[in-house]
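Sequence positions, counted from 1, serve as the residue numbers for this chain. All values below were derived from every heavy atom in this structure, side-chain atoms included, with hydrogens, water molecules and symmetry-related copies excluded.
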Amino acid sequence: VSQSRYAVRQIGKGIVGAAVTTIIQEPSRRVLVWTAVGGRNWDSWSHFEEVVAATAKANGCEAIRGYCRVGWKKKLKTYREIGVILEREI
């Protein structure tokens with residue numbers, strides 16, 4: 001398992017986004033997982049997703065998975081919904 005942290009900067013605007021990814025080994029494949037991603041004005045730095053995809057490929061991953069808010073479905077159109085994550089407070 002390896003973990004990476006990214007910060008996306010725009011000239012004159014400082015950091016506009018950040019992400020944390022982890023590569024996991026499943027029984028039949030490696031997957032890069034977005035464990036956290038956020039920022040402002042996604043449309044201005046959405047090309048960053050291609051950097052993450054290239055990193056995944058370079059590390060032998062066959063898929064990228066994101067644990068994110070439902071609203072990200074509108075922005076990450078090439079992704080498909082594969083489940084629901086549930087949590088309860090104790």
Side chain to side chain contact (heavy atoms under 4.5 Å, CB included) filter on Y79, not counting sequence neighbours, yields W34, E49, I64, L76
Would the distance check show the side chain of W72 and the main-chain N or O of Y67 forming a donor-acceptor pair, the cut-off being under 3.5 Å? no
Check the angle between the aromatic planes of W45 and W42 and answer parallel, tilted or perpendicular using the 30° and 60° thresholds. perpendicular
Sidechain N-carboxylate O distance under 4.0 Å for K73, E81: yes
State which residues pass side chain to side chain donor-acceptor pair (under 3.5 Å) with E50; sequence neighbours excluded, sorted by chain then number. none
Would a distance-only check, ignoring hydrogens and angles, find a side-chain to backbone donor-acceptor pair under 3.5 Å from R65 to T35? no
Give me the one residue out of L32, V33, V31 that meets side chain to side chain contact (heavy atoms under 4.5 Å, CB included) with I23. L32
Euclidean distance, R30 CZ relative to K57 NZ, rounded to 0.5 Å: 15.5 Å
Distance, nearest 0.5 Å, that separates NZ of K77 from OG of S46: 11.0 Å
On a heavy-atom basis, the closest approach of A63 and R29 is CB-NH1, 3.5 Å
